[in-house]
Amino acid sequence: MTIRQVIVRIAIIILLIEMLIMLGLSVVTYEVPKAVEVLLDAFLLVLFSTPIIYQWVIKPFVIMRNKAIEEMHYIASNDTLTGLPNREKFLTLLEHTIMIAASQEKTLAVLFLDLKRFKILNQTFGHTVANHVLKQVAQRLNILLTSKNFVARIGPDQFAVLVQNITSNDEIYLLSKKIVNSFEEPIKYDEHIFTMEACIGISEYPKDAEDSETLLKCANNAMLQAKSQEQECIGFYAPGMTETIQQHFVLEEDMRQALVQNEFFLLYQPKVNAKTQEIIGVEALIRWKHPEKGLINPSEFIPLAEETGLIIPIGQWVLHEALSQLKIWANEGRPPLVMSINLSARQLNPEQIESIIKILQASKVPMEYIEFEITETYLMKDIKRSQELLERLHESGVSISLDDFGTGYSSLGYLKRFKIDTLKIDQVLIRDIETDENDFAIAEAIVGIGHVLNLKVIAEGVETQKQMQMLQDVGCDYFQGYYFSKPVTAEDVFSGEKYKY
């Protein structure tokens with residue numbers, strides 16, 4: 001035990017003795033004699049005013065108390081993971097800055113930054129990896145931003161930036177673009193490499209709002225709007241956005257009810273053999289008939305389902321429904337078809353892949369009649385993990401089709417490592433092959449690449465006889481598109497006029 005600890009304990013004992021003396025005197029006389037009280041006070045005053053007691057007892061206590069208060073203030077106003085200010089501190093500073101800007105007739109902006117697909121990363125790799133990514137993001141923002149800016153972490157995967165004394169919208173946009181571009185450099189953790197994407201919403205004082213809470217809310221709404229458009233993920237707030245976001249929340253709740261009320265249904269678009277014109281399979285496509293709004297376009301609800309995570313139960317419903325339909329056709333004596341089912345990014349994690357395999361095995365449907373379509377951009381987010389998941393899925397006996405090929409950014413070096421059976425040429429390339437030599441050359445090259453890698457190639461979006469003939473000439477294996485059939489009900493799949501069955 002150190003000298004300091006001994007002295008501290010002695011001081012505590014003295015205090016206890018004083019309390020006992022006071023208590024004892026109270027019990028005996030019901031009142032402490034004035035002379036005794038004066039003597040006791042004098043004794044304690046002398047004791048605690050000595051240099052030794054002050055140096056070793058009082059001063060350390062004061063220092064420790066002040067340090068504890070400082071730490072409590074820091075914890076209350078800063079994010080413990082990244083070290084950045086938290087939401088409360090950001091709003092306090094924003095309110096103060098707004099008061100200064102109002103007095104000086106200056107403008108300021110708030111950038112609301114959201115990490116796209118961070119929740120998927122967290123669910124797939126766990127909190128340790130997710131926390132590492134957040135620390136790296138905070139570090140990049142700190143390096144990138146100047147003293148003119150103030151950055152804070154205001155949510156699990158959300159950050160806010162205060163930009164003071166802005167001169168133009170171009171200045172804010174260029175800063176936002178600079179932040180978005182900074183995420184192009186991958187983040188590494190052990191063997192994994194992550195390419196994160198940021199989406200930024202922008203609000204301005206005093207144009208959009210005049211208080212901190214509303215200004216931050218406007219920036220958030222601008223971010224959500226930009227995120228839903230799937231284009232350049234930078235957007236300025238505009239009147240009416242709040243109403244749009246509210247509509248999204250209503251749509252989300254309606255989707256939850258749609259699963260319970262059985263409002264979803266499937267249509268099936270045939271795929272045909274390029275040489276024989278025989279139907280060889282169908283792609284299951286989800287549709288939603290809202291009881292009040294009627295048919296809702298998949299482009300409206302699928303991105304929202306992806307963002308909210310509802311795509312998981314919806315995807316499982318699609319899988320069950322598609323497998324049930326295969327059984328119905330088999331019982332009717334129909335020729336066997338390959339059922340193609342789309343997988344989302346949310347489903348590309350070990351837990352969901354194992355769940356899918358269990359559903360397939362329980363259905364007793366032969367695995368050779370199941371194909372999963374996966375968009376190439378999903379696979380390239382984490383090459384190693386994607387490779388492992390595709391191998392696990394492929395081992396179950398199903399086939400894999402790489403959807404929308406030719407418009408993403410996969411390389412041949414990675415392509416040959418994936419367990420893929422079919423390349424699906426994006427319909428964007430097919431649409432203009434009759435008039436655009438470049439599109440036709442790309443489509444022809446994809447067919448050649450696929451065959452070199454022992455893959456089948458299907459052209460999506462074939463709408464004219466000339467398109468079909470041009471693709472036949474370059475050796476395309478399968479066709480899908482309105483020239484043969486639009487998506488139809490299960491009853492109409494076998495009544496097509498331009499293909500055999």
Side-chain angles (χ1 to χ4, degrees), residues 78-79 81-87 89-90 93-94 108-122 124-125 128-204 216 219-220 222-237 307 345 377-378 380-385 408-411:
N78 288 270
D79 173 49
L81 176 66
T82 63
L84 294 176
N86 60 18
R87 182 186 183 94
K89 187 172 182 178
F90 181 83
L93 179 67
L94 178 57
L108 59 87
V110 172
L111 312 185
F112 195 108
L113 185 150
D114 179 87
L115 297 178
K116 298 176 69 175
R117 290 182 285 276
F118 178 80
K119 292 182 178 65
I120 301 174
L121 183 147
N122 194 10
T124 304
F125 297 97
T128 302
V129 175
N131 287 344
H132 173 78
V133 170
L134 288 172
K135 288 178 182 177
Q136 292 297 309
V137 169
Q139 185 177 351
R140 289 187 186 184
L141 290 174
N142 269 328
I143 294 173
L144 189 66
L145 299 171
T146 66
S147 58
K148 186 181 177 181
N149 316 126
F150 181 83
V151 60
R153 184 186 177 202
I154 59 173
D157 58 343
Q158 296 167 336
F159 299 82
V161 180
L162 168 60
V163 186
Q164 304 179 58
N165 303 327
I166 57 175
T167 57
S168 67
N169 283 354
D170 288 343
E171 178 188 355
I172 311 171
Y173 173 79
L174 290 174
L175 175 61
S176 302
K177 187 71 174 175
K178 191 177 179 182
I179 293 173
V180 169
N181 291 343
S182 72
F183 288 90
E184 292 178 356
E185 182 182 349
I187 295 174
K188 297 180 181 180
Y189 185 86
D190 290 339
E191 299 177 350
H192 300 292
I193 299 177
F194 305 99
T195 303
M196 303 302 297
E197 294 181 47
C199 196
I200 295 178
I202 305 165
S203 64
E204 300 172 71
L216 188 62
N220 182 26
M223 180 277 296
L224 292 172
Q225 184 72 10
K227 197 174 183 180
S228 67
Q229 292 176 352
E230 288 296 331
Q231 297 173 357
E232 182 183 45
C233 218
I234 299 174
F236 286 82
Y237 177 79
E307 181 183 338
T377 50
Y378 293 160
M380 300 302 291
K381 295 301 177 185
D382 185 338
I383 303 296
K384 187 175 185 298
R385 178 54 63 95
Y409 48 84
S410 60
S411 70

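- Taking all atoms of both residues into account, the shortest heavy-atom contact from V180 to A198 is CG2-O, 4.0 Å.
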Inset, instruction - Show the numbers, then the answer: is there a side-chain contact (heavy atoms from CB on, under 4.5 Å) between N181 and E184? - result: CA-CA 6 Å; N181 291 343; E184 292 178 356; 3.6 Å; yes
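- Scored by the ring pair (Phe, Tyr, Trp, His ring centres under 6.0 Å) test, Y189 finds H132 as partners (sequence neighbours excluded).
- Sorted by first then second residue, the ring-ring contact (aromatic ring centres under 6.0 Å, His included) pairs that include residues 144-173, not counting sequence neighbours, number zero.
- If you take CG on L216 and CZ on R87, they are separated by 5.0 Å, rounding to the nearest 0.5 Å.
- Residue I200 holds its CD1 atom at 4.5 Å from CG of L113, rounded to the nearest 0.5 Å.
- The closest side-chain heavy-atom distance from V129 to H192 is not below 4.5 Å.
- Partners of E185 according to the side chain to side chain contact (heavy atoms under 4.5 Å, CB included) rule, which considers only residues two or more places apart in sequence or in another chain, are R140.
- For the pair A160 and I154, the tightest heavy-atom approach, listed with the atom from each and the gap, is CB-CD1, 3.7 Å.
- Two residues are said to be in side-chain contact when any heavy atoms from C-beta on lie closer than 4.5 Å; S176 and I202 meet this criterion.
- The closest side-chain heavy-atom distance from F112 to L224 is not below 4.5 Å.
- Looking only at side-chain heavy atoms (C-beta outward), L115 and L134 come within less than 4.5 Å of each other.
- If you run side chain to side chain contact (heavy atoms under 4.5 Å, CB included) between L144 and each of L175, N149, I179, only I179 comes through.
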Inset, instruction - Could you walk me through whether C233 and K116 pass side-chain contact (heavy atoms from CB on, under 4.5 Å), step by step? - result: CA-CA 10 Å; C233 218; K116 298 176 69 175; 4.2 Å; yes
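- Annotation: side chain of N122 is not in contact with side chain of D157 (no heavy-atom distance under 4.5 Å).
- In this structure K135 satisfies the salt bridge (Lys or Arg N to Asp or Glu O under 4.0 Å) test with no other residue, sequence neighbours excluded.
- Of the inter-residue distances, the one linking L81 atom CG with N131 atom CG reads 4.5 Å to the nearest 0.5 angstrom.
- Counting only heavy atoms from C-beta outward, the side chains of N86 and N78 never approach each other to under 4.5 Å.
- Contact between P85 and A152 at its shortest, heavy atoms only, is O-CB, 3.1 Å.
- Between R153 and V137 the shortest side-chain heavy-atom distance does not fall below 4.5 Å.
- A distance of 5.0 Å separates CD of E204 from CD1 of I166, quoted to the nearest 0.5 Å.
- Judged as a side chain to side chain contact (heavy atoms under 4.5 Å, CB included), and not counting sequence neighbours, the contacts of V151 are L84, L141, N142, L145, V161.
- In terms of the side chain to side chain contact (heavy atoms under 4.5 Å, CB included) criterion, L174 has no residue partners (sequence neighbours excluded).
- Partner of F194 under the ring-ring contact (aromatic ring centres under 6.0 Å, His included) criterion, chosen from F125, F183, F118: F125.
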